[in-house]
Amino acid sequence: MRRGYRRVPLDERRLPGDPLVIFDEWFDEAVASGAVEPNAMVLATADESGRPSARIVLLKGVDERGFAFYTNLESRKARELAANPQAALCLGWLELERQVRVEGTVEPVEREESEAYWGSRPRESQLSAWASPQSSVVASRADLERGVAEIAARFGDVVPLPEFWGGLRVVPESVEFWQGGPGRLHDRLRFRRAGDGWTIERLGP
């Protein structure tokens, strides 16, 4: 555990009724702890046959609508989510002995929001997004670099948002907060969607 951090057991009787309030507090503490890429999260998907796959993506927005990330919409993850729009997320902050698990349905992020995020990205990242056929087999790195150079010459300074790139949002049906405890008696509290609100459940560690 990070030196100077005081672990306080989670008490479901004193928690806010909205899991996003707790998530924001935990995320801010993860940032303050100096965690490397505190917004890195494992995204798990499954294809139509139920075969799972997982990879790390970056959380780029969270609000009452859900947890958003951005990707090539022709990638494996996007194809799987189009066929089976259910996903699980896991953010882990080992420095704080904490993790957050999210499960829910997936919806597209509005194009205007994708445009705004795209405009905030470094030009080099925009060029790579255009040049990379994400998840597809490529002949060599030289081909990728050649593609970046061609895109750079094609667009100049202003690189537009591709039609095949955008955001996806996981709309949570459950959000679980896990915090390490002494003697491995960890705290696990799950918020489960119940109508317009949430039910809080304590799970065995």
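Worth knowing before you read on, the calculation uses all heavy atoms, side chains too, and leaves out hydrogens, waters and symmetry mates. Each residue takes its place number in the sequence, starting with 1. Small disclaimer: the values here were computed from a predicted structure and weren't measured.
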> Is any side-chain heavy atom of L161 closer than 4.5 Å to a side-chain heavy atom of R111?
Replying inline: yes

>> Does any part of the side chain of M41, heavy atoms only, come nearer than 4.5 Å to the side chain of F69, both counted from C-beta?
In response: yes

> Under 4.5 Å between any side-chain heavy atoms of F164 and Q134, yes or no?
Replying inline: no

> Salt bridge or not for R192 and E103, using N-O below 4.0 Å?
Replying inline: no

> Which pair of non-hydrogen atoms, one from L91 and one from P38, has the smallest distance, and what is that distance?
Replying inline: CD2-O, 4.0 Å

> Can you check whether L43 reaches R55 side chain to side chain, under 4.5 Å on heavy atoms?
Replying inline: yes

>> In the structure I gave you, are the side-chain heavy atoms of D24 and V62 within less than 4.5 Å of one another anywhere?
In response: yes

>> Check whether W165 reaches the backbone of Y70 with its side chain - one donor and one acceptor, N or O, closer than 3.5 Å.
In response: no

> Do the side chain of S128 and the main chain of S125 share a donor and acceptor less than 3.5 angstrom apart?
Replying inline: no

> So how far is it from D187 CG to R98 CZ, rounded to the nearest 0.5 Å?
Replying inline: 10.0 Å

> Does a side-chain N-to-carboxylate-O contact under 4.0 Å join R193 and E173?
Replying inline: no

> Any side-chain heavy atom of P205 sitting closer than 4.5 Å to one from W178?
Replying inline: no

> Closest approach of V42 and A54, non-hydrogen atoms and distance?
Replying inline: CG1-CB, 4.0 Å

> Can E150 and R154 be counted as an ion pair, charged N to O under 4.0 angstrom?
Replying inline: no

> Hey, are the side chains of P122 and L127 touching, using non-hydrogen atoms and a 4.5 Å cut-off?
Replying inline: no

> Taking the inter-plane angle between the rings of F155 and W130 on a 0 to 90° scale, is it parallel (under 30°), tilted (30 to 60°) or perpendicular (over 60°)?
Replying inline: tilted

> Do F23 and F177 have their ring centres less than 6.0 Å from each other?
Replying inline: no

> Heavy-atom distance under 4.5 Å between the side chains of E48 and N84, does that happen here?
Replying inline: no

> For R101 and S174, what are the C-alpha separation, side-chain angles and deciding distance, and is it a side-chain hydrogen bond (donor to acceptor under 3.5 Å, both in side chains)?
Replying inline: CA-CA 8 Å; R101 299 174 60 202; S174 70; over 6 Å; no

